[in-house]
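Worksheet: one structure, shown below.
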Amino acid sequence: MSVRTAFLKLHLWVGLAAAVLVCLIAVTGALLVFEGEIDRALNPKLLIVAPQSQNRPLTELLANVRQRFKGNTPTNVLVQARPDLAWPVSLAKNGTAAYINPHTGEITGSRIRDAAFVVKVHRLHTSLLAGRKGQILVGVATAGLIFLMMTGLILWWKRKLLAIKTDGSWRRINFDLHHVSGIYSIVFLFVIVGTGLLMSFHDQLIPVVEVFIGNTAKERPKQRPESTAPQQQGTPAITADRALQIAQSQLPGASPTYLFLPVGPKATYDFGFKFPEDGTPGGRSRVVLDQYSGAVLWLDNARKVTTGVKFSNNLRPLHTGDLYGWPSRILYALAAFSVFIQAISGIVIWALRFFRKKNNVPTPATDAIEVA
C-alpha cells in the first residue's frame with residue numbers, strides 16, 4: 001500500500017465517522033456568523049426600534065423596567081452600539097430578559113433568554129446541548145476536521161484541481177466540487193477550526209501556545225472587588241448614570257457595551273467597554289466601581305496588555321469572523337458551509353466506489369480520475 005493510498009483510506013474513514021457531527025457543527029457555525037441578524041429577523045417587534053440621536057438616562061430606563069416587572073430585579077444591561085436596537089435588560093428571576101427602547105423608555109417586550117432560537121443554535125454548536133460532555137465531543141470532531149483538512153490537502157496536491165469540469169458526468173462534477181470547495185476554503189477553515197480547537201481544549205492547548213507568545217491570562221485582582229459600606233447607614237448608591245460617567249472617564253475613546261448592576265450591599269458596578277479596534281462585539285476592557293463612592297476597584301484596559309493577552313482577546317473574533325467585520329463574516333460563513341458541501345460530496349464519492357466494488361462495475365473512462 002502506497003503512502004497516498006494510506007492517506008486516502010484514513011481520510012475516507014475519519015470523514016465517514018465524523019460526517020454527521022462535522023456537518024452539524026459547520027451548518028450551525030455558518031448560522032452563528034449572522035446570529036444577530038437572524039435573531040432580529042425572527043423578532044423584529046421585540047428587538048428593533050426607531051433610531052434616534054439621544055438616549056434616555058439609564059436611571060429612567062431601569063426605573064421603567066422595575067415598574068413593569070415588579071419583584072424581578074434588573075441585574076445587567078446590554079448597551080447596543082446601533083441606535084435602531086432595543087437594549088436587553090436581564091432580570092434576576094426565571095432567566096427573563098426585558099427589552100427597552102433606549103430613546104423613549106418604552107418596554108418592547110420580554111422573553112426567556114434560553115428559549116431564543118439563536119441561543120439554542122449556539123449551544124448546539126458548542127456543546128450539542130449536552131454540557132461539558134458535548135463540548136468534548138465537539139472538540140474531538142473539530143480535531144477530526146483538522147485531520148481531514150491536512151490529509152485532504154495532501155490528496156489534492158497530486159491533481160491540484162482548481163476548477164469544476166462542468167462538461168463532465170455528474171460523478172466527475174461531484175468529485176471536482178469536493179476538491180475545489182475544500183481548497184478555496186482551506187485557509188479560512190484552518191483559522192476557524194484551529195481557534196475552535198483551542199477553545200474546546202483551552203486548558204490543554206493554551207499552555208503550548210504560551211510557549212511561543214507568552215502568558216495569555218489576564219491579570220486578575222487577588223480578591224473579588226467589593227463595595228465598602230458607608231459609615232452612615234442608609235447612604236444610597238450612586239446612580240447608574242453617574243457610575244457610567246466615572247467608568248467612561250477611565251477609558252477615553254471606548255464605548256460601553258454592558259453594565260452589571262450592584263445587587264446587594266457589597267456588590268459593585270461592573271462595566272464592559274469596547275475600543276474601535278476590538279474585534280469582539282462586547283469589547284475586552286472592564287471597569288469595576290464601588291457602588292457608594294464610585295471609586296475604581298478594578299480597571300482592565302485592552303490597549304495596555306501583553307501580546308499573549310491580545311491573542312487571547314482575539315481568539316473568539318478570529319473564530320467567528322467578527323475581527324474584520326462584514327467581509328470576514330461572509331467569507332467565514334461560506335467557508336463553514338463548504339464543509340457541509342465537502343461532507344456530502346465525499347459521502348457520494350465513497351458510496352459510488354463502494355457499490356461499484358461490491359457489484360464489480362468498472363469505473364467509466366471519463367471518471368478515471370476518481371480512482372487515481
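Contact check for Phe190 versus Met150: side-chain heavy atoms found under the 4.5 Å cut-off. Looking at Arg159 and His179, their side chains never come closer than 4.5 Å, going by heavy atoms from C-beta outward. Counting heavy atoms from C-beta on, the side chains of Ile330 and Leu334 come closer than 4.5 Å. Side-chain contact check for Val339 versus Leu189: some heavy-atom pair is nearer than 4.5 Å. Considering only heavy atoms from C-beta on, Phe311 stays 4.5 Å or farther from Glu210 through its side chain. Taking the side chain as every heavy atom from C-beta outward, Leu8 and Leu155 approach each other to under 4.5 Å. You'll find the side chain of Asp114 reaches within 4.5 Å of the side chain of Arg123, heavy atoms only. For the pair Leu251/Leu299, a side-chain contact is recorded, criterion being any heavy-atom separation below 4.5 Å from C-beta on.
Val138 pairs in a side-chain contact (heavy atoms from CB on, under 4.5 Å) with only one of the listed residues (Ile25, Leu124, Thr126), which is Ile25.
In this structure a side-chain-to-backbone donor-acceptor pair under 3.5 Å is missing from Ser110 to Ala98. A donor-acceptor contact shorter than 3.5 Å links the side chain of Thr257 to the backbone of Gly282. Side-chain atoms of Ser200 do not come within 3.5 Å of backbone N or O of Leu197 as any donor-acceptor pair. Formation of a donor-acceptor pair under 3.5 Å by the His103 side chain with backbone atoms of Pro83 is found in this model. Between the side chain of Asp290 and the backbone N or O of Tyr292 there is at least one donor-acceptor pair closer than 3.5 Å. With hydrogens and angles ignored, the 3.5 Å screen pairs a side-chain donor or acceptor of Tyr332 with a backbone N or O of Leu318. The main-chain N or O of Leu289 is never found under 3.5 Å from a side-chain atom of Asp270 such that the two would form a donor-acceptor pair. A distance-only check finds a donor-acceptor pair linking the side chain of Asn64 to the backbone of Gly105 [under 3.5 Å]. In this structure, Ser127 contributes its side chain and Gly134 its backbone to no donor-acceptor pair below 3.5 Å. A distance-only check finds no donor-acceptor pair linking the side chain of Asp84 to the backbone of Pro51 [under 3.5 Å].
How far CZ of Arg56 is from CD1 of Ile100: 10.5 Å, rounded to the nearest 0.5 Å. To the nearest 0.5 angstrom, Asp203 atom CG is 11.5 Å from Leu198 atom CG. Here the CG atom belonging to Leu331 is positioned 9.0 Å from the CD1 atom belonging to Ile192, to the nearest 0.5 angstrom. Between atom CG of residue Leu12 and atom CG of residue Leu148 there is a gap of 10.0 Å, rounded to the nearest 0.5 Å. Taken to the nearest 0.5 Å, the CD atom of Glu35 stands 9.5 Å off from the CZ atom of Arg40. Lys218 contributes atom NZ, which lies 11.0 Å from atom OG1 of Thr306 (distance to the nearest 0.5 angstrom).
Put simply, Phe117 and Leu128 are part of two different groups of oily side chains (I, L, V, M, F, W, Y) that touch within less than 4.5 Å, one to the next. Ile48 and Ile38 are not part of a single hydrophobic cluster, where members link through side-chain heavy atoms under 4.5 Å apart. Under the 4.5 Å side-chain heavy-atom criterion for grouping Ile, Leu, Val, Met, Phe, Trp and Tyr, Ile107 is not connected to Ile112 through any hydrophobic cluster. A continuous path of Ile, Leu, Val, Met, Phe, Trp and Tyr side chains, each step under 4.5 Å between heavy atoms, connects Ile341 with Phe175, placing both in one hydrophobic cluster. Residues Val89 and Val263 are members of separate hydrophobic clusters, defined by side-chain heavy-atom contacts under 4.5 angstrom among Ile, Leu, Val, Met, Phe, Trp and Tyr.
Between Trp350 and Trp13, the ring-plane angle classifies as perpendicular under the 30° and 60° cut-offs. Ring orientation note: the planes of Phe273 and Phe271 are tilted relative to one another, at an angle of 30° to 60°.
Counting all heavy atoms, side chain and backbone alike, Arg329 lies closest to Gly321 at CG-O, 3.4 Å. Between Gln291 and Tyr269, the closest heavy-atom pair is CA-CD1, 3.8 Å. When all heavy atoms of Ile173 and Lys165 are compared, the pair lying nearest together is CG1-O, 3.5 Å. Taking all atoms of both residues into account, the shortest heavy-atom contact from Asp322 to Arg316 is OD2-NH1, 3.5 Å. Looking at every heavy atom in both residues, Arg284 comes nearest to Thr280 through NH1-CG2, 3.5 Å. In plain terms, the two heavy atoms of Ile246 and Gly294 that are nearest each other are CG2-O, 3.6 Å.
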Quiz item: Would Ile183 and Leu161 satisfy side-chain contact (heavy atoms from CB on, under 4.5 Å), going step by step from the backbone distance to the final call?
Solution: CA-CA 8 Å; Ile183 199 61; Leu161 295 175; over 6 Å; no
Practice problem: Would you sort out whether Thr75 and Phe260 count as a side-chain contact (heavy atoms from CB on, under 4.5 Å), showing the intermediate values? | Solution: CA-CA 6 Å; Thr75 58; Phe260 281 90; 5.7 Å; no
Practice problem: Test side-chain contact (heavy atoms from CB on, under 4.5 Å) on Val77 and Leu62 and set out the steps. | Solution: CA-CA 9 Å; Val77 181; Leu62 291 169; 3.8 Å; yes
Quiz item: Is there a side-chain contact (heavy atoms from CB on, under 4.5 Å) between Tyr99 and Lys45 once you walk through the steps?
Solution: CA-CA 10 Å; Tyr99 291 80; Lys45 293 182 179 179; over 6 Å; no
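The 12-atom threshold is exceeded at CZ of Phe275, counting heavy atoms of other residues, nucleotides or ligands nearer than 6.0 Å. Atom CZ of Arg113 has more than 12 neighbouring heavy atoms from other residues, nucleotides or ligands inside a 6.0 Å radius. The local environment of NZ in Lys160 is crowded, with over 12 non-hydrogen atoms from other residues, nucleotides or ligands closer than 6.0 Å. The environment of CZ in Phe337 is sparse: at most 12 heavy-atom neighbours from other residues, nucleotides or ligands sit within 6.0 Å. Heavy-atom neighbours of Glu277 CD from other residues, nucleotides or ligands within 6.0 Å: above the threshold of 12.
Side-chain contact annotation: Ser90 with Asn76, donor-acceptor N/O pair under 3.5 Å present. For the residue pair Gln245 and Ser249, no side-chain donor N or O sits within less than 3.5 Å of a side-chain acceptor on the partner.
Figure legend: cation-pi geometry between Lys158 and Trp156 absent, as NZ or CZ is not positioned both under 6.0 Å from the six-membered ring centre and within 45° of its axis.
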